[in-house]
Amino acid sequence: MNDWCGDGKKDAELLVEQIKVDQFKAIYSLLSPHFSERDKRLFAAAQAMILGYRGITLVSEAVGISRTTVTAGVEELRSGEPHDSGRIRKEGGGRKKITAAQPGIREALSKLLADSTAADPERPLLWTIKSQRTLSEELAAEGFKACPTTVGKLLEEMDYSLQGNQKVLVGNKHIDSGKQFEFINKKVKVFQKHGLPVVSVDAKKKELVGNYANPGKTYRKKGSPVKVNAYDFPLQSEGKATPYGIYDIKNNRGWVNLGTDHDTAEFAVTSLRNWYIKEGRKAFSGKDKMLVTADGGGSNGSRSRLWKSELQKMADEFKLEIHVSHFPPGMSKWNKIEGRLFANISRNWQGKPLVSYEVIVELIKGTKTKKGLEVNCELDPQKVRKGN
């Protein structure tokens with residue numbers, strides 16, 4: 001009995017089609033730098049004709065040439081008319097760049113993405129992920145004409161990139177999480193407008209202190225890797241390091257209190273208090289209010305009574321009005337400190353064994369970025385009590 005029938009035959013045809021498209025894409029990527037615009041158009045059109053049904057769509061999606069251009073190439077090939085090789089296109093011909101044809105479109109797109117960008121330290125939040133089609137429709141509402149493909153090209157010019165999924169969310173998304181983000185975002189902007197301090201706080205994951213392997217690689221002479229312990233036995237370590245960070249969003253500056261004991265609410269507020277004494281009070285002289293953004297759980301969680309009572313003590317001590325905004329459950333990665341401070345610290349010490357507390361302090365202090373991030377770090381050997 002022959003099983004090769006029905007959907008199996010269709011799947012096989014689709015597989016052959018995809019192989020042809022992939023082969024064309026590979027050949028096109030090698031030859032296109034040496035092609036004129038006409039050569040690219042005709043080469044793409046020829047492949048579309050070979051593929052037959054859906055050929056224009058498949059070729060357009062494979063190499064990013066518009067369907068209109070591929071269709072024009074097909075018509076040109078079918079006409080059989082010779083081409084004057086003296087000129088590729090008429091002088092002054094060709095479509096004007098969209099930014100020249102529609103002045104202000106880049107600025108309009110930036111405004112639509114204002115609360116979605118991750119590159120500007122001034123931006124308080126990052127949570128809205130809009131599709132190219134959605135942005136195209138929103139631009140149309142603003143009076144600009146740009147298809148989704150053109151929007152994608154503009155995004156690339158603006159240093160955005162298409163990125164895959166990242167496992168960062170825990171638990172179910174709350175129905176009101178969007179409203180929570182909007183509320184926090186507006187509050188951050190109000191505080192920043194009046195020059196008031198806005199800080200993002202959190203504890204980085206604990207690190208074993210000792211000659212243990214640290215993920216990542218560093219450049220060294222061939223055949224001379226850093227030798228570390230084969231096993232990570234906690235009993236053989238100096239202890240654990242608990243980095244608690246405070247990230248000043250406006251000034252793009254980080255401060256880390258490196259604890260040697262448990263991450264508790266008392267330790268979290270002690271870290272915030274130390275930052276305020278050492279840096280915050282001077283940077284925001286004369287300001288009597290402060291906004292703290294934090295995760296919903298952990299030592300600075302929304303349900304921790306000790307966190308609230310210790311914050312009240314700090315507020316009374318410095319006559320400071322402290323506002324706290326917690327991110328929705330499962331949204332901790334949107335906290336600014338994660339991408340702006342902790343991610344850069346991890347990159348700075350990757351592949352380097354954290355052999356002592358002193359080494360960890362120096363590695364954290366040595367963290368810098370092209371965006372101007374500076375980080376200070378101090379060792380806090382104080383033992384704190386456990387509990388919430």
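In what follows, every heavy atom counts, from backbone to side chain, and hydrogens, waters and symmetry copies are set aside. In this chain, numbering begins with 1 at the start of the sequence shown.
In this structure a side-chain-to-backbone donor-acceptor pair under 3.5 Å is missing from Ser285 to Lys282. Of the possible polar contacts, one joining the Thr270 side chain to the Glu266 backbone as a donor-acceptor pair under 3.5 Å is found. When atom types are taken as modelled, the side chain of Tyr247 and the backbone of Phe342 share no donor-acceptor pair closer than 3.5 angstrom. Counting only distance, with no hydrogens or angles, the side chain of Lys352 and the backbone of Asn348 share a donor-acceptor pair below 3.5 Å. For the pair Ser79 (side chain) and Glu76 (backbone), a donor-acceptor distance under 3.5 Å is present. No donor-acceptor distance shorter than 3.5 angstrom exists from the side chain of Glu321 to the backbone of Ala315, with no hydrogens or angles considered. A donor-acceptor contact shorter than 3.5 Å is absent between the side chain of Asp295 and the backbone of His326. Put simply, the side chain of Ser110 gets close to the backbone of Arg106: a donor and an acceptor are under 3.5 Å apart. Checking side-chain atoms of Asp39 against main-chain N and O of Ser36 turns up a donor-acceptor pair under 3.5 Å. A donor-acceptor pair under 3.5 Å is formed between the side chain of Thr242 and the backbone N or O of Asp261.
Taking the charged nitrogens against the carboxylate oxygens, Glu310 and Arg273 have no contact shorter than 4.0 Å, which rules out a salt bridge. Between Glu142 and Lys111 no salt bridge is recorded (no basic side-chain N to carboxylate O distance below 4.0 Å). Ion pairing between Arg340 and Glu338 fails under the 4.0 Å rule for side-chain N and carboxylate O.
Here the side chains of Val375 and Trp255 are not in contact, with every heavy-atom distance at 4.5 Å or above. For the pair Ile322 and Met314, the minimum side-chain heavy-atom distance is below 4.5 Å. No side-chain heavy atom of Pro215 sits less than 4.5 Å from a side-chain heavy atom of Gln350. A heavy-atom distance below 4.5 Å is not found between the side chains of Thr293 and Val201. Lys240 is listed as a side-chain neighbour of Leu208, based on a closest heavy-atom distance under 4.5 Å. Contact check for Leu311 versus Trp307: side-chain heavy atoms found under the 4.5 Å cut-off. Side-chain contact check for Thr367 versus Trp349: every heavy-atom pair is 4.5 Å or farther apart. For the pair Lys187/His323, a side-chain contact is recorded, criterion being any heavy-atom separation below 4.5 Å from C-beta on.
The number of heavy-atom neighbours closer than 6.0 Å to NZ of Lys20, taken from other residues, nucleotides and ligands shown, is 12 or below. By the 6.0 Å contact criterion, NZ on Lys289 is open, its count of non-hydrogen atoms from other residues, nucleotides or ligands being 12 or less. By the neighbour-count criterion of 12 heavy atoms within 6.0 Å, atom NZ of Lys40 is densely surrounded, having more than that number from other residues, nucleotides or ligands. More than 12 heavy atoms of other residues, nucleotides or ligands sit less than 6.0 Å from atom CZ of Phe35.
Scanning both residues, Asn376 and Lys365, for their nearest heavy atoms gives OD1-CE, 3.9 Å. Shortest non-hydrogen contact noted between Val355 and Val359 is CG2-CG2, 3.6 Å. Closest heavy-atom contact between Lys250 and Phe284: CD-CE2, 4.4 Å. Closest heavy-atom contact between Arg133 and Pro148: CA-CG, 4.0 Å. Of all heavy-atom pairs spanning Ala44 and Val70, the tightest one is O-CG1, 4.3 Å. The shortest heavy-atom contact between Phe144 and Ala108 is CE1-CB, 3.5 Å.
In summary, of the residues considered (Gln192, His194, Lys186, Lys193), a side-chain contact (heavy atoms from CB on, under 4.5 Å) with Val190 occurs for His194 alone.
Looking at Asp263 and Ser299, their side chains do bring a donor and an acceptor atom within 3.5 Å of each other. Asn344 and Thr369 are not linked by any side-chain donor-acceptor pair at a separation below 3.5 angstrom, with hydrogens and angles left out of the test.
Using a 30° and 60° split on the angle between ring planes, Phe43 and Tyr28 fall in the parallel class, below 30°.
Remark: Glu374 pairs with Arg253, Lys368 by the side chain to side chain contact (heavy atoms under 4.5 Å, CB included) rule, at least two apart or across chains. Under the rule for a side-chain hydrogen bond (donor to acceptor under 3.5 Å, both in side chains), the partners of Asn257 that lie at least two apart in sequence or sit in another chain are Ser271, Asp380.
Within the structure, salt bridge (Lys or Arg N to Asp or Glu O under 4.0 Å) contacts touching residues 53-73 (residues at least two apart or in different chains) are Glu17-Arg54.
Taking hydrophobic clusters as Ile, Leu, Val, Met, Phe, Trp and Tyr residues chained together by side-chain heavy-atom distances below 4.5 Å, Ile65 does not share a cluster with Val151. Under the 4.5 Å side-chain heavy-atom criterion for ILVMFWY residues, no single connected hydrophobic cluster contains both Ile50 and Ile27.
A distance of 6.0 Å separates CG in Asp202 from CG in Asn335, rounded to the nearest 0.5 Å. With rounding to the nearest 0.5 angstrom, the OG1 atom of Thr69 is 14.0 Å from the CZ atom of Arg38. A distance of 11.0 Å separates CG of Asn274 from CD of Glu279, quoted to the nearest 0.5 Å. Within the model, atoms OG1 of Thr150 and CG of Leu109 stand 11.5 Å from one another, a figure rounded to the nearest 0.5 Å. Atoms OG1 and CG, on Thr149 and Leu154 in that order, are 11.5 Å from each other to the nearest 0.5 Å. Rounded to the nearest 0.5 angstrom, Leu135 CG and Leu155 CG are separated by 6.0 Å.
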- Query: Would Leu291 and Val199 satisfy side chain to side chain contact (heavy atoms under 4.5 Å, CB included), going step by step from the backbone distance to the final call?
  - Reply: CA-CA 6 Å; Leu291 175 60; Val199 295; over 6 Å; no
- Query: For Leu354 and Val209, what are the C-alpha separation, side-chain angles and deciding distance, and is it a side chain to side chain contact (heavy atoms under 4.5 Å, CB included)?
  - Reply: CA-CA 6 Å; Leu354 308 178; Val209 182; 5.8 Å; no
- Message: I'd like to know whether Leu58 forms a side chain to side chain contact (heavy atoms under 4.5 Å, CB included) with Phe24, so could you lay out the CA-CA distance, the side-chain angles of the two residues, the decisive distance to 0.1 Å, and finally the verdict.
- Response: CA-CA 10 Å; Leu58 291 171; Phe24 162 68; over 6 Å; no
- Message: Quick one, Ser346 with Lys204, criterion side chain to side chain contact (heavy atoms under 4.5 Å, CB included). Give me CA distance, side-chain angles, the key distance, then yes/no.
- Response: CA-CA 10 Å; Ser346 295; Lys204 197 176 187 299; 3.0 Å; yes
